[in-house]
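Step one of this worksheet: look at the structure below.
Each chain gets a letter, A, B and so on, in the order the sequences are listed, and its residues count up from 1. Only a predicted model underlies this, so the values are computations on that prediction, with no experimental measurement involved.
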Amino acid sequence: MGVQMKLAMKIAAGAGLGALFAAPFFFGPALAQAPAAAPVVPTDAMVNKGDVSWMLVSAALVLMMSVPGLALFYGGLVRTKNMLSVLMQVLTIVCVAGLLWVTIGYSMAFTNGGALNLFVGGFSKALMKGVDANTFAATFSNGVYLPETTFVVFQMTFAMITPALIVGAFAERVKFTPLILFVVAWSILVYYPMAHMVWYWPGPDFTAGLPDDHGYLWGKGALDFAGGTVVHINAGIAGLVGCLVIGKRVGYKSEPMPPHSLTMTMIGASLLWVGWFGFNAGSNLEANKFASLAFINTMVATAAAGAMWAIIEQVVHGKPSLLGAASGVVAGLVAITPAAGFAAPMTSVVLGAVASVGCFFFVTTVKNALKYDDTLDVFGVHCIGGIIGAIGTGVVADPALGGQGFMDFTVIPAVAGKYDMASQLWVQTQGVLTTLALSGGVSLVLFLLLKFTIGIRPSKEVEVEGLDINAHGERAYNY
Amino acid sequence: MGVQMKLAMKIAAGAGLGALFAAPFFFGPALAQAPAAAPVVPTDAMVNKGDVSWMLVSAALVLMMSVPGLALFYGGLVRTKNMLSVLMQVLTIVCVAGLLWVTIGYSMAFTNGGALNLFVGGFSKALMKGVDANTFAATFSNGVYLPETTFVVFQMTFAMITPALIVGAFAERVKFTPLILFVVAWSILVYYPMAHMVWYWPGPDFTAGLPDDHGYLWGKGALDFAGGTVVHINAGIAGLVGCLVIGKRVGYKSEPMPPHSLTMTMIGASLLWVGWFGFNAGSNLEANKFASLAFINTMVATAAAGAMWAIIEQVVHGKPSLLGAASGVVAGLVAITPAAGFAAPMTSVVLGAVASVGCFFFVTTVKNALKYDDTLDVFGVHCIGGIIGAIGTGVVADPALGGQGFMDFTVIPAVAGKYDMASQLWVQTQGVLTTLALSGGVSLVLFLLLKFTIGIRPSKEVEVEGLDINAHGERAYNY
Amino acid sequence: MGVQMKLAMKIAAGAGLGALFAAPFFFGPALAQAPAAAPVVPTDAMVNKGDVSWMLVSAALVLMMSVPGLALFYGGLVRTKNMLSVLMQVLTIVCVAGLLWVTIGYSMAFTNGGALNLFVGGFSKALMKGVDANTFAATFSNGVYLPETTFVVFQMTFAMITPALIVGAFAERVKFTPLILFVVAWSILVYYPMAHMVWYWPGPDFTAGLPDDHGYLWGKGALDFAGGTVVHINAGIAGLVGCLVIGKRVGYKSEPMPPHSLTMTMIGASLLWVGWFGFNAGSNLEANKFASLAFINTMVATAAAGAMWAIIEQVVHGKPSLLGAASGVVAGLVAITPAAGFAAPMTSVVLGAVASVGCFFFVTTVKNALKYDDTLDVFGVHCIGGIIGAIGTGVVADPALGGQGFMDFTVIPAVAGKYDMASQLWVQTQGVLTTLALSGGVSLVLFLLLKFTIGIRPSKEVEVEGLDINAHGERAYNY
Amino acid sequence: MKLIIAIIKPFKLDEVREALTGVGVAGMTVSEVKGFGRQKGQTEIYRGAEYSTNMVPKIKIEVVVGADLADRAVEAIQAAASTGAIGDGKIFVLDVGQAVRIRTGETDETAL
Amino acid sequence: MKLIIAIIKPFKLDEVREALTGVGVAGMTVSEVKGFGRQKGQTEIYRGAEYSTNMVPKIKIEVVVGADLADRAVEAIQAAASTGAIGDGKIFVLDVGQAVRIRTGETDETAL
Amino acid sequence: MKLIIAIIKPFKLDEVREALTGVGVAGMTVSEVKGFGRQKGQTEIYRGAEYSTNMVPKIKIEVVVGADLADRAVEAIQAAASTGAIGDGKIFVLDVGQAVRIRTGETDETAL
Ligand SMILES: Nc1ncnc2c1ncn2[C@@H]1O[C@H](COP(=O)(O)OP(=O)(O)O)[C@@H](O)[C@H]1O
Ligand SMILES: Nc1ncnc2c1ncn2[C@@H]1O[C@H](COP(=O)(O)OP(=O)(O)O)[C@@H](O)[C@H]1O
Ligand SMILES: Nc1ncnc2c1ncn2[C@@H]1O[C@H](COP(=O)(O)OP(=O)(O)O)[C@@H](O)[C@H]1O
C-alpha cells in the first residue's frame, strides 16, 4: 500500500486542524456503514457552549470579510465609475453562493458521494434535508461536536467569499449576469468538489471504522488548515484564467488608473485582517489552545508581511506606500491560512515575510513582464500567496521547527503521527497542482463558453463610461 | 378559560426563544410572590461562560448595527449637506437611549408593574437599583442564567437602535433638539411598554409558580424571536407618522436627490447584516443549537431577500442595483427577525424572498402612489418587512413545516406545546395591530405636540442650505 | 513595612480585575522559586472554552480599534493631503509593534526581570521561547487559566494600539521612518517597563508563595483595569512632548484646517466604541459576571460622555456637533478604561460625564490658551481623560459607592480587601505621576535625539504639498 | 456671439436652466465654484477651532449665444436667479470670436 | 492672443492634450464641468426614484495661445476630440488682452 | 471692465485674495483646476503601476474689475502669487462687455 496508505492515516494535525478536516457527523446511513463496537452517538451534551459561541462569531467574522471587507478592499482600487459594480458583484455573489450552499453545495461538499466519493459528495442533504437543530457535526476532538447548523453556516461563509475573490482579476470590464452564471457553475463544478476532496472525512470518532470514507486530497494527508488550496489558489487561478479570456481593460498601461479611494482599500484590508481570525482560528472548530495558536500565528504572519512589503518599497523606491502595506497584510493572511494551526509564532513571521517578498515580486515584476491585466492582483496575491503558504505549511508544520505535525485519527483517541517533511512537501505540492488543474481547466471552459454565447465583456462604450451607470443605473457618489 | 388560557401557556418556543421571552430573575420581592416548594435560587454556578461570551459579543454587535451600521446605511442615502445630521442623530439617540435605559427603561420594561403589569413595568430597578454583579437573569432553559448586567446591556442595545431607526423617515428636515425630546418621550411611552407587553415573564423556573406575571402579548402567546413588533413595526409606524406630520422635503419629486454615497450605504448594510447575528441569534440568550439555528436562518433569509430584490430590478428595469440588493438585505433581516429561532433554513429562504417582494412593491409603487415622503423608507422596509415577518412567523414556526413550535413553560422542565397555525396567525396579527395602534397613536400625539410648540421642522432656508452647517456647524467633507 | 506592605497585598480586585493584573503562569524557572506545598500545575483542564472564545474575540476587537478604528478616527480629521500618511503610520505601527512584541516585548513585560524585576522583565521568553500551545497564563481566579498564546496575543493588541495613539499629536508634519524608530525605542524604553510595573504578577495561585514577584506599581496596589496609565496617559504625554518638540503645523491658526471627512471620523469613533469592549471587558480575562460589569460600565460611561459633550456645545455655542459627540465618546471610553471592572453602572455614568467636561475644557480652552498644536488632541483627550479616569477609579471602586474594591490574593482563594479611598487615591496619583514622568522624560530625549540627528520633521515644502504624495507616493482619493 | 458667465446660488441652477431653454438656448456648461463677496459664509467649529469661511459655494454657468439672444438670455438669468438676498451673484458678458461644434466642425452660430 | 475654451468628452482629454502639445502649445488649464445640451444623460434609479440627469460630465480645457497659433490649435482640438457622436462638445475662441507669467513677470506671448 | 483670470498655486489663494481686497476688489470667484505646463507632477506608484501625472492641482481665480483697476489688480496678484518656482501660474486679462448684479439688476461697474 506504501506511501498512499501511510498518508491516508496522516490525517490532519494536532487536535486543532482546521476546516480542511472538518466534516459533519452523519446520522442514519453513515452510521449503517460503521463497523461493530458501539459507535458514538453525538448528542447535545457533547456540544460546548464556548465552541458554539466562538464558531458563530467566526462565521459572522468571515461574512464581514466579504461584506464589507473584500468589497471595500477591491472597490477602493477601481475607478469611481466602477465602484458600485465591484460592491454589487461581491454582495450578489455572497447572496447567491449562500443560497446555493443550502440548496446543494453543503451536500455536495460534505456528504458521501458514493462511487464518486473521492471527488465529490452526493445530494442526500440537498435543501438541508435531514439537517436541523438536532443534528451535529464533528470537530477534530474525539467526543466533541457542534450543532450541524453551526458547521453549515461557518462553511457557507467560505463558499461565499471564495468566488467573490475571483472578481478582482477582471474588475472594471465584466458583464454582471454572465459573471453570476459563472459563479454558480464554478461553485458546482470546482468549489464543492475541491471542498469535498480536501475537507471531507467522517470525523475523529468514525475514522477508524470508515478508513476509506474521505476526499481524495484528505486521503493523501495534505495539510491545509483553513483553505489555502480550496479558497485562495482555487480563486486565484480562476481569476487569472478569467482575466486572460476577457482581455485587458481599455486604456490599460496607456492611461492612468489610480485607485479611486485608498481609504476604502485600507478599511477593507483592516476588516479582512480582523475577520480572518474567524476564518483561520475558526477553522479549528473549537475554542481551545489550537484556535489560540492559529490566532496568534495569523496575527504575526500578517504583521510581518505588512511590514515587509513596506520595507521592500522603502528599499526599491524610497516610498513605503499604504497600498503596499495593505497588500502585504493580505498576502500574509493568505499565506498563513493553510499553516495557521500548524506553525509556531516565529515560523509564522518568516512565512509571512517570505509571502510578502514573493507576492511583491509577482505583482510588480512578473505581471508587468507578462503583460496580463489582473486588475486587483488576485493571481499575484491569492494564488501566489496561497502556493507559498501551501508549500510553506509542509515546512512550518514540522515538529522539529516547533510545528504541530499531524494527528493519526485511525486510533481513538487520536495520537500524533510521525512527521516527514520531504514527503509532506510532496503531498502539499500535489494539493496545489490538483487545485491549479481543476480550477484552471474548468474556469477556462466556463469563461470561453460564456464569451462565445451570451458574452462576458461589456461594449467598449459601456466600459469607458463605467459599469455603475450602465449596468446598475447608479452612481457611487453625488457629493 | 378558553383560548386566552391556552395561549397563556403557549409561552415561547423550543428552549431557544428570543428576547421576546427574556426576563431577568427577580430577587426578593419577586420571590416573595412565588408559591411554596423550594424555588430555584440563581447562582454563579448556573452561568455558563460560553453564554456570557456569546451575549457580550452579541451586545457589541448590536451596538455596531447602530453605530456605525445604521448611521452609514442612512447617511449614505441623504445629500452631502445633511450627512452629519443623520450621523449625529443616530449617535446621540444611541447615547441618550442608553442613559435612559439604565435610568428607568430597564425597570419599566423588565420589572413587575403591579396593577399595570400587563402593560408596563414599575420603577423598582430604576437607576439600576438592586442590579449588580451578583444578580442574575433568566434564559429560556431551566436552571440556566446570565449575569443580570449582561441582560441589561444586551437589551439596552435594542432600546438604542429602535428609536434610531425612526429618524430615517424624516431625514433631511427635522430639528435636532425636538427630535431628541421625541425619542425620550417615545421610549418612555411606547418602547418600554411594548417591550414589557411582549417580553416580560418570570423565566422558565418561575412561570409555573407565577402564571399571571407576564406582559399582555406574552400572555397571548405571540411569537417574536428578536423584536419584529417591538423594534421594527414599532419604529416603522412611528416613522411614517413623523414624516406625515413633518411633511415632504423641499424639492421632493421636483429636484434630483440621489444618495450622496452608496459606498457608505453599502458599508452600513453590510455591518447591519454582520451585527444582526447578535440581534437575532443573541436573542436566544444562550450559545446553543437554537442560537445556531437563528444564525443560519438569519443568513439565508437575508441572502434570499438580497438576491430577490436584485432579480426583481433585473426584470422590472433591466438593471439590478447595489442600492436594491442592499435594500433587499435589510428587508430580509427585518423579516427574519421575529422568526429567526422558529423557522427552518429553507422556510427562511422563502420568508426572505417574500419580504423582498413585499417591500420592493411598497417602496417603489405604493409610496409613489400615496405620495408621502418617507425619506429612507423606514415604513416601507421596517414596518412592512416587520409585518410580513411577524405574520410569516406564524407560518414558519409550524412544526409541520420544520419549525420549532413553542414551549409550554408551565411545567418544569418545559415541554413542546401543541401548535395550531390558524390560532397562532391570529395571535401574531394581534401583536401587529397592538404595535401599530400604540406606536402610531402616541407618535401622532407627540409629533403634533412638538410641531405646535417648539417646532419640529427647520426653516426652508436652513433645509435648503443643509442641516449640517446650520444645526451642527460642520461640513461632512472638505476634500 | 507599613503602607507599602499593606498595599502589596491589596492586589487587584473582585476576581475580575483587568489586564493590569494579568500575568502568565511560569513553567520551570518560576516554579523553582515557589515555596513548598504542592503548587498548582496549570493544565488544559483548567481552561474554559467560554473564556478562550471571549478572549480571542476581544483580541480581534482591539485590533479593530487600531485598524481601521483609530486610523479612521484620526485620518478623518486631517486634511486630504495627509490622509494616507495617518493610515500608513497607524497600520505600520500595528505591524511593527506586533513583531516587536513576540520578539522581546512580551518577555520584557511579563517575565521576571531579576534584579530589575520591579521595573522591567527579562529576556527569558524572547522570540517566544518556551511559549507554545501547551503553556498557560493565569487569570484572576484561582485555578482558572488561559492558553498562554491567548494572553500573548491579547496583550499584543494593547502594545500595538498604544504607540499608534501617539501619532495624532503631531499628525500632518512628521517623517515616517524616524517616527517608526521612535515607536520601536519608546516601546522598549517606556511601554514594556510600564506594562511590567503595572501588570506583572505571578497570578492568584502563586502570589502567596511569591509575595515579592511583581512590578512596582502593582506592588503599590494601583488599580487600573484596562490600561488608563499604561495606555492612555502613557501615549498622551508622549504625544504632547512630541508635538512640542516638532512644533506647530505650517499655517496653524492662520489657515483653515477643517477635517477632510467627518464621516471617516464617525466610523472610527464607532469602531473604537465597539472594539473597546474587547479592550475593557476583555481585560477581565474571563467571560464572567465581572466581564459583564466592565462591559456595561464601558457602555454607559461612553454614552454619558458622548451626550455630555453635545450638551456642552449646545450650551456654549448652540450647535452640538458630530465631532463633539464623537470626541465625547472617546473621552468617555478613555476615562472608564481604568475603572471598567471596579465601578457600578451609575457611577460610571458620572465618571464619563466628568471626563467629557474635563476634556472639553482642555481641548477648547487650555489648548488655545497654551497655543501648542496637538493636532488631534491626543493629550487633551487621552492624557487628560486618562488622568480623570485613573483618579476617578480610586473613587468609584469604593464598595461604599457600589464599587468592587480589591481582592487580597495573598490568601487562597482570594478574598476581598479592606478599601480605604484616601490611600487608594494617593496610590492612583502615584501611578499617574510615574507614568507622566517616565513616558514624558524618555519621549523628550527620544524626540530631541531624532530631531538633531536624522530629523523628525519634513521640509516645509513637503508639509505644504502633503505627506501622502511626498512620503508615500500616493493620493488618498482620485474621484 | 457672446459668452455669458453667470455666478449664481447653487439651488437656483434648475430654474436658471429652464429660463435659458425658455429663451431658446440649447446648451450650456456648468461648474462648481467658490465665491468671495459680500455674502459671508457660515462659521464652522471643530473642537476648539473656529473657521469663518469667506468662500461660499456657487454655480458658474457659461453659455455662448448669438449676439441677438444675449440680452434676453441675461435677463432670463437675472430673473430666474434673483432672490433679493445678498450673494445672488453676477452676470458677465464677453465677446466670442469663434465657435466650433467638435462633432461636425460647424462653426459660429450654427455650432451653438 | 486668444483664449480657446474647449468643452470635450472626459475620456478624450489625453488625446487632446497630446494634439495640443503637437502643435506647440506648452501649457493649458483643465477643469471638470457638467454639460447641458443635446446629449442626454443616463437615467439613474434609486429605489422608487428615477432621475434622468440632463447634465453630463465634461472636461473644459482653457488654453491661451498666440493669435497665429489659434487656428491650428482649434483644428487640433477638433480633430482629437471628435468621435462623431452627439455630445462631442464645443470650442470657443475669445480675445485676450494681456498675459503675465507670475513667476517671472514676463508678459504676453512670452508668458505663455 | 476686465476679466482677470489667474491660475495660481493652491496654497497661495489666501495671500492673493488679501492682495486683491487690498487694492479694492470686493468679490471674486474661485475654482479648482488642473494645470498642465512646465511644472511636472509627482510620480504616483500603485503596486506595480507608476503614473507620472502631468497635471498639477491649481486654483483659478476669476475677477472682474473696472478697467482702471485692472493693472493694479494684475500686479497685486502677481506679487502675491509669486514664489519664483516653476508652476507659479499665469494671469490673463480679457475684455468684459457687460456686468449685472443679479440681486439688484445694477449693471456694469456698480455691479461689481
Ligand atoms: N468682481 C467679481 N468678479 C468675479 N466674481 C464676482 C465678483 N464679485 C462677486 N463675484 C461673485 O458673485 C458672488 C456674489 O457676490 P456677493 O458680493 O456676495 O453678492 P451680490 O452678488 O449680491 O452682490 C460672489 O460669491 C462671487 O462668486
Ligand atoms: N451654447 C453653449 N454654451 C456653452 N456650452 C455649450 C453650449 N452648447 C453646448 N455646450 C457644451 O457642449 C456640450 C456638448 O453639447 P451637445 O449639444 O450635447 O452636443 P454637440 O456638441 O454634439 O452639439 C454640452 O454638454 C455643453 O457642455
Ligand atoms: N497657455 C496656457 N493657457 C492656459 N493655461 C496655462 C497656459 N500655460 C500654463 N498654464 C497654466 O499655468 C500653470 C503654470 O504653468 P507652468 O508652465 O507649469 O509654469 P510657469 O507658470 O512657471 O511657467 C499651468 O499648470 C497651467 O494651469
Side-chain angles (χ1 to χ4, degrees), chain C residues 73-74 76-79 168 248-249 251-262 265-266 269 309-310 312-314 316-328 330-331 356 359-381 384 479, chain D residues 3-18 20-21 27-64 77 81 83-90 92 101-103:
Chain C
F73 181 67
Y74 277 1
L77 292 174
V78 300
R79 288 165 290 174
K248 299 174 198 177
R249 281 169 292 173
Y252 183 60
K253 291 285 169 198
S254 74
E255 53 180 87
M257 300 174 167
H260 92 279
S261 174
L262 286 179
T265 295
M266 195 277 181
W309 198 299
I312 300 171
E313 287 188 332
Q314 173 73 45
V316 172
H317 38 247
K319 292 184 181 179
S321 73
L322 173 71
L323 177 56
S327 304
V330 175
S356 210
C359 294
F360 177 86
F361 179 69
F362 219 89
V363 304
T364 58
T365 307
V366 179
K367 185 173 95 164
N368 283 339
L370 298 182
K371 293 186 202 300
Y372 61 91
D373 179 15
D374 177 359
T375 319
L376 307 177
D377 293 310
V378 176
F379 185 74
V381 172
I384 299 300
Y479 283 122
Chain D
L3 165 62
I4 304 174
I5 301 177
I7 318 287
I8 62 169
K9 289 190 165 160
F11 74 98
K12 281 291 188 181
L13 174 58
D14 278 327
E15 284 173 56
V16 171
R17 185 175 44 70
E18 275 159 33
L20 280 171
T21 50
M28 68 196 72
T29 299
V30 169
S31 38
E32 290 175 11
V33 298
K34 302 252 170 187
F36 172 81
R38 279 157 200 83
Q39 187 193 357
K40 291 299 159 230
Q42 294 267 7
T43 300
E44 301 171 34
I45 309 183
Y46 300 101
R47 283 200 196 134
E50 216 169 313
Y51 306 122
S52 312
T53 352
N54 37 33
M55 299 282 181
V56 288
K58 297 281 167 193
I59 288 287
K60 178 170 78 169
I61 298 177
E62 290 167 297
V63 53
V64 176
I77 295 172
T83 70
I86 285 186
D88 275 355
K90 317 277 176 189
F92 305 121
R101 185 195 305 275
I102 290 174
R103 170 164 48 100

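Taking a cutoff of 4.0 Å between a charged side-chain nitrogen and a carboxylate oxygen, Lys367(C) and Asp374(C) do not qualify as a salt bridge.
Atom CD of Glu32(D) sits in a sparse spot, with 12 or fewer heavy atoms from other residues, nucleotides or ligands closer than 6.0 Å.
Annotation for Pro258(C) and Tyr51(D): closest pair N-CE1, 3.7 Å, computed over non-hydrogen atoms.
In terms of heavy-atom pairs under 4.5 Å with chain D, the best-connected choice from Pro256(C), Ser321(C), Gly380(C), Gly324(C) is Pro256(C).
Using a 4.5 Å cut-off between heavy atoms, Glu313(C) does not touch chain D at all. Neither the backbone nor the side chain of Leu322(C) comes within less than 4.5 Å of any heavy atom of chain D.
Judged purely by distance below 3.5 Å, without hydrogens or angles, the side chains of Gln39(D) and Lys9(D) never pair a donor atom with an acceptor atom.
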